[in-house]
Amino acid sequence: MSIVSSLQASTIESLSALFNQAFTEKDFQVNQTKPEFEGDYTIVMFSLVKSLKLSPEAIGTQLGEHLVKNFPQLFSRFNIIKGFLNLTVTDNYWTALLQENYNDICYGKKPMNGKKVMVEYSSPNTNKPLHLGHLRNNFLGWSVAEILKASGYEVVKSCIVNDRGIHICKSMIAWERFANGATPQSTNTKGDHFVGAYYVRFNDEYKKEIEALIAAGSDKETAEKEAPLMKATQQMLLDWEAGKPDVITLWKKMNGWVYEGFDVTYKRIGSDFDIIYYESNTYLLGKDIVQQGLNKKVFYQKDDSSIWIDLTADGLDEKIVQRRDGTAVYITQDIGLHLQKYEQYKIDQSIYVIGNEQNYHMKVLQLICKKLGLPNADNIFHLSYGMVELTTGKMKSREGTVVDADDMVDEMIATSKQHTEELGKVKDFNAEELAALYDTIGLGAMKFYLLRVDPKKTMVFNPEESIDFHGFTGPFVQYTYARIKSILRKAGVDSSWFIVHSSTAMIHAPLTINLLKLEKDLLVTLEQYPAAIEQACNEHNPSVVANYVFNLARTFNSFYTEHSIANAESEEKKKLRLYLSVFVAHVIKSGMQLLGISVPERM
RNA sequence: GGUCCGGUAGCUCAGUUGGAUAGAGCAUCAGCCUUCUAAGCUGAGGGUCAUUGGUUCGAAUCCAAUCCGGAUCACCA
């Protein structure tokens, strides 16, 4: 039971005893006491004034006295300032917390709750390489999955690869027309970048055709429709859906190149999936469901034979679910995939990590699933995250201002190498150890940077700030961990030390020494870790963990500078601080792991 | 135009169901390495919480209006 819950329970009990009525935890507020006042937690009296018809001071005095008298194991003293009852929690409470949990690597995590959640994330298109926005998506998806696991859910990580559709045909057409048989191998280019270049090429050539048509007298709309490249692309999509062999062969070849490139990137950034869906496999199921929906009159067919759903009664617009030429649109396959996910895994919840530009799309998808009566439609959750913008504005592929994921990773790792070399603390590392360290720090910095902001918010990517390894950053937290590990190594705290110190003798001899302020600050922060995970889980928000773990590291660093651990004032103090250090190290490692960031033993 | 999201220090962001003098990091300035890793620590300056009104003991937080920014409303995905 957390200190806040204990506090609420004891307050309810005391209030009921004192005033002879029933209370709930909603009748009063519990806050952490502000640093300028004495105490650890504060109960706000004002909300009780009305029902009790007493002054806040009077209630506070009675309650404070009753709490200290009846819960001596929890509270040592209290003070009242205005309507705020500040309670000091006993040192025994904190030292007991320390002894019970310092060596528990599962501290903060919950037992399995029997529920299954699918987290779909990453979801790339096979016509362009991954960029900064995808990195935010991947890190979010991974981290949310870890946070759910820590909260007791069984998690299935999935990915839907957008491997078909008109946009994929664009790069295929461009390659056919302009590549002269070039391949990633022949040009020594990473496969995803290679294909991406032809997608860009398509748009360039297409634009030229439009301009030519307009110059020849067409209006813009007609020109866009009638441009030969676009016609060829549309024909190719039809051929693809008809399974025309040469189109399928080309499609497989080009997608293969992209997957080779993606594999490299995914491996580097540490993304993986339990199941990968391909749109090419799911869109047909979607089309089946569209037919059923048509029969059920959820959908209707227009004269040109395109199929629609009317959502105007729900405050939305009409939405097309199948084109007049019979091909599937984006949402068609999403409907199919929703059903497939459920039938395959019988999941309790389906989380989609998708950018907020698709809020409308996801709303429509859920509504259509509901109207079709598909199972589990109520349990679709869109984890909608904000765009990553640059200090100079939005990323625009046309203007070449897209930050490429591979470049980004390279740069972060190079920066971590440079910093590490400048500091010269790991000169005895061999090449392999160094490479691993640079990866750990560079990726750690990048992941932390993208995860420390509330997912919902549009965030600004500042290249200079992102490679800063000081302050509210991944390397700061990693550094704190490495520092603790260094102390523990020097103090001889290893697995054998734990065997000795975990003996029953230790447990029966609790630490009874008084805590200094910074020691208690650390324990108060450590106690909040389970609550931080819970909040992160409820909000699907890894930034809660990032903020928490930074705060813990900062608190430890203050403590570290102020008090010596190995040369503490007494043996008891030394023991206490070693326990504390071990506990902090465990929680930092665990919290960072929830963010997908590993921590180095040395740096 | 409709719908949705946002606006907090020079910059990037926190800020729990309304609570005490609104917090961090970066940047700026001033300090701290003969003792456990200075990727660290301590301190200072920096705020009309977009604006106006309302609700109340009490509002960055809730409500309304206005201003500004973004997303979306495609036979693109």
Side-chain angles (χ1 to χ4, degrees), chain A residues 25-26 29 31-34 36-37 42 44-47 49-50 56 81-84 86 123 125 127 162 165-168 170 234 279 302 304 306-308 315-317 319-325 327 329-331 333-334 355-361 363-364 384 386-387 389 391 394 416 419-420 422-423 425 441 445 449 452-454 456-462 464-466 468-473 475-480 482-491 531 535 539 543-544 546-547 550-551 553-554 557-568 577 581 602-603:
Chain A
E25 62 269 20
K26 287 186 179 138
Q29 242 183 74
N31 298 329
Q32 237 187 306
T33 305
K34 299 249 169 193
E36 55 268 34
F37 301 103
T42 297
V44 185
M45 296 290 104
F46 296 109
S47 51
V49 169
K50 250 181 233 159
I81 296 168
K82 293 193 257 175
F84 300 91
N86 300 321
S123 307
N125 285 326
N127 61 348
N162 252 285
I166 196 94
H167 58 302
I168 303 298
K170 287 178 182 175
Q234 282 162 347
E279 189 183 318
K302 289 193 176 172
D304 65 4
S306 56
I307 302 177
W308 297 72
L316 305 177
D317 297 291
K319 180 80 186 174
I320 188 162
V321 293
Q322 188 168 302
R323 292 192 189 96
R324 103 191 114 192
D325 63 8
T327 55
V329 291
Y330 181 45
I331 205 157
Q333 64 91 20
D334 273 349
N356 63 10
E357 81 248 353
Q358 296 199 38
N359 285 356
Y360 180 77
H361 171 82
K363 214 176 189 177
V364 170
S384 161
M387 298 291 98
E389 291 182 359
T391 41
K394 287 178 193 307
S416 81
H419 280 253
T420 306
E422 278 168 10
L423 292 166
K425 292 179 184 178
I441 299 173
Y449 184 82
R452 68 184 198 181
V453 181
D454 186 332
K456 290 192 290 292
K457 290 198 172 179
T458 302
M459 66 175 288
V460 175
F461 176 81
N462 181 332
E464 283 156 34
E465 196 185 299
S466 71
D468 190 353
F469 289 179
H470 303 269
F472 188 21
T473 66
F476 172 94
V477 181
Q478 291 172 322
Y479 173 73
T480 308
R483 215 181 199 188
I484 295 173
K485 295 305 275 199
S486 170
I487 297 164
L488 297 179
R489 272 193 303 275
K490 290 192 176 162
Q535 190 193 342
E539 296 176 8
S543 79
V544 172
N547 278 283
F550 168 68
N551 186 37
R554 204 161 45 96
N557 283 327
S558 296
F559 159 78
Y560 168 91
T561 330
E562 196 67 28
H563 304 295
S564 180
I565 295 163
N567 301 310
R577 290 179 190 164
S581 304
R602 287 179 57 194
M603 69 185 272

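Just so you know, these numbers come straight off a predicted model, no measurement behind them. By convention in this document, chain letters (A, B, ...) are assigned in the order of the sequence lines, proteins followed by strands, and residues within each chain are numbered from 1.
- The residue A:Gln29 sits close to a base: some heavy atom pair falls under 4.0 Å.
- Nearest nucleotide to the side chain of A:Lys363, out of B:U3, B:A38, B:A20: B:U3.
- The cationic group of A:Arg452 does not satisfy the cation-pi geometry with A:Phe550, failing either the under 6.0 Å distance to the six-membered ring centre or the 45° limit from the ring axis.
- In this structure, A:Val460 reaches the sugar-phosphate backbone alone: every heavy-atom distance under 4.0 Å involves primed, P, OP1 or OP2 atoms, never a base.
- Using atom P as the reference point in both B:U51 and B:G10, the two lie 13 Å apart (nearest Å).
- Remark: the separation of the P atoms in B:A20 and B:U42 is 23 Å, to the nearest Å.
- Judged by distance alone with a 3.5 Å cut-off, a donor-acceptor contact links the side chain of A:Asn86 to the base of B:A20.
- For A:Lys34, a side-chain nitrogen or oxygen approaches OP1 or OP2 of B:A20 to under 4.0 Å.
- Distance, A:Glu562 CD to B:U35 C1': 15 Å, rounded to whole Å.
- B:G40: Watson-Crick or G-U partner is B:C32, with both key distances under 3.5 Å.
- At whole-Å resolution of the value, CG in A:Asn359 and C1' in B:A77 are 15 Å apart.
- Atom OH of A:Tyr330 and atom NE2 of A:His167 lie 9.0 Å apart (nearest 0.5 Å).
- Residue A:Asn551 is classed as having no contact, given no heavy-atom separation below 4.0 Å to the nucleic acid.
- Of the residues near RNA chain B, A:Lys485 and A:Gln535, the one whose nearest nucleotide (by heavy atom distance) lies more toward the 5' end is A:Gln535.
- No donor-acceptor contact under 3.5 Å links the side chain of A:Ser558 to the base of B:C41.
- Distance from the side chain of A:His470 is smallest to B:C26 among B:A77, B:C13, B:C26.
- Spacing of P atoms, B:G43 relative to B:U3, comes out at 50 Å, to the nearest Å.
- When the C1' atom is compared between B:A38 and B:A22, the two are found 31 Å apart, to the nearest whole Å.
- Residue A:Ser486 places at least one side-chain N or O closer than 4.0 Å to OP1 or OP2 of B:U37.
- Residue-level contact check: A:Ser564 touches the bases, meaning some heavy atom is under 4.0 Å from a base atom.
- With a cut-off of 3.5 Å on both Watson-Crick or G-U wobble distances, the partner of B:A59 is given as none.
- Within the structure, every side-chain polar atom (N or O) of A:Tyr330 is placed at least 4.0 Å from both OP1 and OP2 of B:A74.
- In this entry B:C67 has B:G7 as its Watson-Crick or G-U wobble partner, both defining distances falling under 3.5 Å.
- With rounding to whole Å, A:Phe46 atom CZ is found 10 Å from B:A20 atom P.
- Residue-level contact check: A:Met387 touches neither bases nor backbone, having no heavy atom under 4.0 Å from any strand.
- Between the side-chain ring of A:Phe37 and the base of B:A20, a stacking contact exists by the 5.5 Å and 30° definition.
- In B:C5 the O4'-C1'-N dihedral to the base is more than 90° from 0, which defines an anti nucleotide.
- Put simply, A:Lys490 has a side-chain N or O that comes within less than 4.0 Å of OP1 or OP2 on B:U37.
- RNA chain B is contacted by both A:Met45 and A:Arg602; A:Met45 maps to the nucleotide lying nearer its 5′ end (nearest heavy atom per residue).
- Between A:His361 and B:U72 there is no side-chain N or O to OP1 or OP2 distance below 4.0 Å.
- Looking at A:Asn551 and A:Arg554, their side chains do bring a donor and an acceptor atom within 3.5 Å of each other.
- The NZ atom of A:Lys34 sits 10.0 Å away from the CD atom of A:Gln32 when rounded to the nearest 0.5 Å.
- The listed nucleotides are B:A24, B:C36, B:C73; the one nearest the side chain of A:Ile487 is B:C36.
- Side-chain N or O atoms of A:Tyr560 include none that pairs as donor or acceptor with a backbone N or O of A:Ile565 at under 3.5 Å.
- Using C1' as the reference atom, B:G1 and B:U8 are 31 Å apart when rounded to the nearest Å.
- With B:C13, B:U37, B:C41 as the candidates, the nucleotide lying closest to the side chain of A:Phe476 is B:C41.
- One atom, CZ of A:Arg452, and another, P of B:G15, lie 14 Å apart when rounded to the nearest Å.
- A:Ile331 comes within 4.0 angstrom of no nucleic acid atom, judged by non-hydrogen atoms across all strands.
- Of all nucleotides listed (B:U21, B:A14, B:C73), B:U21 comes nearest to the side chain of A:Lys82.
- In a base pair of the Watson-Crick type (N1 to N3 plus N6-O4 or O6-N4) or a G-U wobble (N1-O2 and O6-N3), with each distance short of 3.5 Å, B:C49 is matched with no nucleotide.
- For the pair A:Ile331/A:His361, a side-chain contact is recorded, criterion being any heavy-atom separation below 4.5 Å from C-beta on.
- Among the atoms of the strands shown, base atoms are found under 4.0 Å from some heavy atom of A:Phe84.
- The side chain of A:Phe472 lies closest to B:G25 when the candidates are B:A20, B:G25, B:G40.
- Contact annotation for A:Ile320: base contact, defined as any heavy-atom pair under 4.0 Å involving a base atom.
- On the C1' atoms, B:U66 is 36 Å away from B:C76, given to the nearest whole Å.
- In this structure, A:Tyr479 does not count as stacked on the base of B:G40 under the 5.5 Å centre distance and 30° plane angle limits.
- As judged by a 4.0 angstrom heavy-atom cut-off over every strand, A:Ser581 is placed among residues making no nucleic acid contact.
- Between the side chain of A:Thr42 and the base of B:A20, at least one donor-acceptor pair of N or O atoms lies under 3.5 Å.
- An OP1 or OP2 oxygen of B:C36 is reached within less than 4.0 angstrom by no side-chain nitrogen or oxygen of A:Arg577.
- Here the separation of B:U17 from B:C67, taken at their P atoms, is 30 Å to the nearest Å.
- Residue A:Lys457 places at least one side-chain N or O closer than 4.0 Å to OP1 or OP2 of B:A14.
- Regarding contacts with the backbone of B:C76, a side-chain N or O of A:Arg323 is found under 4.0 angstrom from either OP1 or OP2.
- For the P atom pair drawn from B:G25 and B:A65, the interatomic distance equals 39 Å after rounding to whole Å.
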